[in-house]
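Here the structure is laid out as structure tokens; the discussion comes afterwards.
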Amino acid sequence: MNLCIDWGNSRTKVALFDKEKIVAEYNFRQDEALMSLKQLMEDKRPDRGIVCSVADHPTELIPFLEGAGCKVTLLNSATALPIMNAYHSPESLGADRLALAVASWSAFPGQNSMAISIGTAITYNFVQKSGIFRGGAISPGVQSRLNALYQDTDRLPQVKAEGELLLLGYDTETGIRSGVLNGIRFEIEGMIEAYKEQYSDINITITGGDAGFFEGKLKSQIFADSKLLMKGLNLILEYNAR
């Protein structure tokens, strides 16, 4: 059994795989993640694991996992991948972007692919059909934009992403929600069209915690996969095991 850990800024997400199949998923708060993982290791005893960190994970995490009999791969710029990483500053590349790139390309081998992840940040991750990760783009996510309007102005309120969404906002709350959510939708559509002008056979996959706000609302044909990151981690883990 494979253990895949996505150590994020505020949550830790975990998936257990039996070969290519997810058999269990967990979502822990950071303050409870280490203790919960200790219980999980006692119950499930996975043979191999991979850790993807976009925030600093506890120093005792990997020694603990290995002490429990789990051979661990820490995903970073030096990790072997089934694709080539052509990013010019690999040390600064988020490990999650590597996993997304691997998963999206593996879903469409021999074809151009791009994974769009919508979370705290929105990342566009492009892999050429030859299996070369070229990079993409990064922009603020939904909550980041809502927070910026509230924190960087004197009078604009804090608005939730959930709620009535119109093109024409009729008050400040609906106006902010329209600007942020529709603005992101138009950004994504424009980015997809720009890529299609250069790469006509590109496959687009959307994922991330806030992807649900945009599923079914984009003009382009896209694939939605909430498990894309975990699938990528498992693919990288299997690749290194081989």
Side-chain angles (χ1 to χ4, degrees), residues 2-17 20 22 25-30 33 37 48-58 61-62 65 72-108 113-127 131-144 184 188 191 203-214 222-240:
N2 289 343
L3 172 70
C4 297
I5 300 174
D6 171 28
W7 195 280
N9 292 297
S10 59
R11 309 285 299 187
T12 293
K13 297 178 182 178
V14 179
L16 286 170
F17 282 80
E20 297 179 357
I22 297 178
E25 292 182 272
Y26 309 88
N27 192 327
F28 305 129
R29 295 199 317 264
Q30 293 304 59
L37 281 168
R48 298 185 299 234
I50 185 167
V51 175
C52 169
S53 297
V54 296
D56 292 333
H57 60 265
L61 174 62
I62 293 178
L65 293 173
V72 179
T73 297
L74 177 60
L75 180 56
N76 56 34
S77 60
T79 306
L81 303 172
I83 61 176
M84 176 182 173
N85 184 4
Y87 205 67
H88 285 194
S89 55
E91 296 80 10
S92 70
L93 178 64
D96 57 331
R97 296 184 66 191
L98 285 175
L100 292 169
V102 167
S104 63
W105 186 80
S106 297
F108 306 100
S113 63
M114 183 164 67
I116 303 174
S117 178
I118 307 173
T120 303
I122 302 171
T123 64
Y124 301 83
N125 308 284
F126 175 69
V127 186
I132 301 176
F133 174 68
R134 308 295 302 187
I138 306 171
S139 69
V142 175
Q143 198 59 51
S144 297
I184 290 175
I188 293 172
M191 192 71 78
N203 295 286
I204 310 292
T205 306
I206 189 171
T207 191
D210 288 335
F213 288 115
F214 307 97
I222 63 168
F223 302 91
D225 189 347
S226 61
K227 318 295 185 186
L228 194 68
L229 175 59
M230 288 301 181
K231 290 178 181 178
L233 292 176
N234 190 58
L235 286 165
I236 295 170
L237 182 57
E238 285 290 325
Y239 182 78
N240 279 266

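Taking CE from Met230 and CG from Leu233, the interatomic distance works out to 6.0 Å, rounded to the nearest 0.5 Å. To the nearest 0.5 Å, atoms CD1 (Ile236) and SG (Cys52) are separated by 8.0 Å. Note: Ser139 OG to Tyr124 OH = 4.5 Å, rounded to the nearest 0.5 Å. Taking CG of Leu98 as the start and CG of Asn125 as the end, the distance is 9.0 Å to the nearest 0.5 Å. In this structure, the separation between CG on Leu100 and CZ on Phe133 is 9.0 Å, given to the nearest 0.5 Å. Residue Thr12 holds its OG1 atom at 11.5 Å from CZ of Arg29, rounded to the nearest 0.5 Å.
Counting only heavy atoms from C-beta outward, the side chains of Thr123 and Ile118 never approach each other to under 4.5 Å. Proximity of Ile22 to Leu16: side-chain heavy atoms (C-beta onward) are nowhere separated by under 4.5 Å. Contact check for Ile62 versus His57: side-chain heavy atoms found under the 4.5 Å cut-off. Proximity of Thr73 to Arg48: side-chain heavy atoms (C-beta onward) are nowhere separated by under 4.5 Å. Taking the side chain as every heavy atom from C-beta outward, Leu37 and Val14 approach each other to under 4.5 Å. Side-chain contact check for Ile184 versus Phe213: every heavy-atom pair is 4.5 Å or farther apart. Annotation: side chain of Ser92 is in contact with side chain of Tyr87 (closest heavy-atom distance under 4.5 Å). In this structure, the side chains of Pro58 and Trp7 come closer than 4.5 Å at one or more pairs of heavy atoms.
Minimum heavy-atom separation, Arg134 to Ala86: NH1-CB, 4.2 Å. Of all heavy-atom pairs spanning Ser53 and Ala95, the tightest one is O-CB, 4.4 Å. Smallest separation of non-hydrogen atoms from Gly49 and Leu237: O-CD1, 3.4 Å.
Below 30°, between 30° and 60°, or above 60°: for Phe108 and Phe223 the angle between ring planes is between 30° and 60°, a tilted geometry.
In terms of modelled atom types and a separation under 3.5 Å, the side chain of Thr79 and the main chain of Leu74 share a donor-acceptor contact. Between the side chain of Gln30 and the backbone N or O of Gly8, at least one donor-acceptor pair lies under 3.5 Å.
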Check your understanding: Stepwise, does the side-chain contact (heavy atoms from CB on, under 4.5 Å) test hold for Leu65 with Leu3?
Key -> CA-CA 10 Å; Leu65 293 173; Leu3 172 70; 4.0 Å; yes

**Study point:** Test side-chain contact (heavy atoms from CB on, under 4.5 Å) applied to Leu81 and Leu75, step by step
**Key:** CA-CA 10 Å; Leu81 303 172; Leu75 180 56; 4.3 Å; yes

Exercise for review: Could you please spell out the steps behind the side-chain contact (heavy atoms from CB on, under 4.5 Å) verdict for Leu228 and Thr205?
Suggested key: CA-CA 9 Å; Leu228 194 68; Thr205 306; 3.8 Å; yes

Review point. Yes or no on side-chain contact (heavy atoms from CB on, under 4.5 Å) for Val127 and Met114, after CA distance, side-chain angles and deciding distance?
Key: CA-CA 6 Å; Val127 186; Met114 183 164 67; over 6 Å; no

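Under the 3.5 Å distance criterion, with hydrogens and angles disregarded, a donor-acceptor pair is assigned to the side chains of Asn2 and Glu238. Checking Gln143 against Thr120 by side-chain atom types alone, no donor-acceptor pair falls below 3.5 Å.
Glu20 and Lys231 are not joined by a salt bridge, as no carboxylate oxygen comes within less than 4.0 angstrom of a charged side-chain nitrogen.
For the side chain to side chain contact (heavy atoms under 4.5 Å, CB included) criterion with Leu235, the lone passing option out of Ile50, Ile83, Val102 is Val102.
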